[in-house]
Asker: 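Dropping the structure in here first, questions after.
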Amino acid sequence: MEFIVLVGYAAAVIIGVSLGLIGGGGSILTVPVLVYILGIDPVLATAYSLFVVGSTSLVGSFTYMKKQLVDYKTALVFAIPSFIAVFLTRKFIVPALPDPLLVLGGFEITKSIGIMVFFALIMLAASYSMIKEKGKLEDEKDSEVNFNIPLIAVEGLIVGLITGLVGAGGGFLIIPALVLLAKLPMKMAVGTSLLIIAAKSLIGFLGDVSNQVIDWKMLLIFTGLSILGIFVGSSLSKKINEKMLKKGFGWFVLIMGIYIIAKELMSMG
């Protein structure tokens, strides 16, 4: 096995560890690892990311289910429009995107470059949400769930569209929505978010099966290592300061996002 493939598989474990430690961030790492380390086409990498993130989040959500930290009613209200958006995006919108997306003078923006730049912009948004102080989001007092159904549904639709385009689970968008719009306590929001991410990502992946040639052996090994990582991360989370970790990870994601934008824009020259 080539050294670079081993590096990619080691990164799969790190992706799982990050999900286990902070309940998110794994999807932000998956696409860059698949594209830049394993050399997979960005469109296919976003499909693989949906499967990896979906499977790993599903395993992670079981822990929260056992502790009764999943609000199924809220998950349903958020998830239905999100499911529809992510499936339709993967099935119809992504295959229909023109290649090149845009030609500006001597510059050509290909479909692959467009997806990676959009993904990097999502990374920048994710890093901001991880670096800044959460304030209200840290409140873990129990409160009655108070639905703002139209807003939750619209947020679900937007997150589904983003998930479909870039293969990111969208936890950094889902958790604030659940806390602020559904008034869920933080721990309940994390558990509910993992279940939504799992179902939404795996449904999105189904939209790809007919459009892409899937390397199942590589994908299942990568996913298995990521799932192993989530158990490692969960046990480490009891010993590490979560706030410091989240902030540090946020800075790392910010640097990665800037790097991807610079790399992709330079390749246009």
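A quick note: this is a predicted structure, and the numbers were derived from the prediction, not measured.
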Asker: Answer yes or no: does atom NZ of K111 have more than 12 heavy-atom neighbours from other residues, nucleotides or ligands under 6.0 Å?
Answerer: yes
Asker: With hydrophobic residues grouped by side-chain heavy-atom distances under 4.5 Å, do V86 and V94 end up in a single group?
Answerer: no
Asker: Answer yes if L265 and L102 sit in the same cluster of Ile, Leu, Val, Met, Phe, Trp and Tyr residues linked by side chain heavy atoms under 4.5 Å apart, and no otherwise.
Answerer: yes
Asker: Measure the spacing between CG of L206 and CZ of R90 and express it to the nearest 0.5 Å.
Answerer: 12.0 Å
Asker: Determine the minimum heavy-atom distance between E108 and V103, stating which atoms define it.
Answerer: CG-CG2, 4.2 Å
Asker: I80 and I196: same hydrophobic cluster, using ILVMFWY side-chain contacts below 4.5 Å?
Answerer: no
Asker: Output the distance between atom CZ (F118) and atom CD (E264), rounded to the nearest 0.5 Å.
Answerer: 14.5 Å
Asker: Indicate whether any N or O donor in one side chain lies under 3.5 Å from an N or O acceptor in the other, for S226 and T56.
Answerer: yes
Asker: Taking all heavy atoms of V70 and all of M188, pick out the closest pair and write down the distance.
Answerer: N-SD, 3.5 Å
Asker: Less than 4.5 Å apart, side chain to side chain, heavy atoms only: is that true for P81 and I84?
Answerer: no
Asker: Measure the CG-OG1 distance between L97 and T89 for me, rounded to the nearest 0.5 Å.
Answerer: 9.5 Å
Asker: Where do L161 and A85 come nearest, in terms of heavy atoms and distance?
Answerer: N-CB, 3.8 Å
Asker: State, yes or no, whether a side-chain contact exists between P42 and V31 at a heavy-atom distance under 4.5 Å.
Answerer: no
Asker: Can you name the closest pair of heavy atoms from I4 and L38 and give their distance?
Answerer: O-CD2, 4.1 Å
Asker: With sequence neighbours left out, write down each residue that passes ring pair (Phe, Tyr, Trp, His ring centres under 6.0 Å) with F51, or none if nothing qualifies.
Answerer: F205, W216
Asker: Counting neighbours of OH on Y36 that are heavy atoms of other residues, nucleotides or ligands and sit closer than 6.0 Å, is the number greater than 12?
Answerer: yes
Asker: Flag the pair V5 / M218 as yes when at least one side-chain heavy-atom distance between them is below 4.5 Å, and no otherwise.
Answerer: no
Asker: Give a yes-or-no answer on whether the side chains of K200 and S82 include a donor-acceptor pair shorter than 3.5 Å.
Answerer: no
Asker: With rounding to the nearest 0.5 angstrom, report the CD1 to CZ distance, I40 to F222.
Answerer: 7.5 Å
Asker: So if I apply the side-chain contact (heavy atoms from CB on, under 4.5 Å) rule between S49 and each of L44, T30, V33, which one comes out positive?
Answerer: T30
Asker: Applying a strict under-4.5 Å side-chain criterion to I, L, V, M, F, W and Y, I'd like to know whether I203 and I162 cluster together.
Answerer: no
Asker: Got a second to check how far I230's CD1 is from S57's OG, nearest 0.5 Å?
Answerer: 6.5 Å
Asker: When hydrophobic residues are tied together by side-chain contacts of less than 4.5 Å, even through go-betweens, does V232 share a cluster with V7?
Answerer: yes
Asker: Hey, are the side chains of F78 and V159 touching, using non-hydrogen atoms and a 4.5 Å cut-off?
Answerer: yes
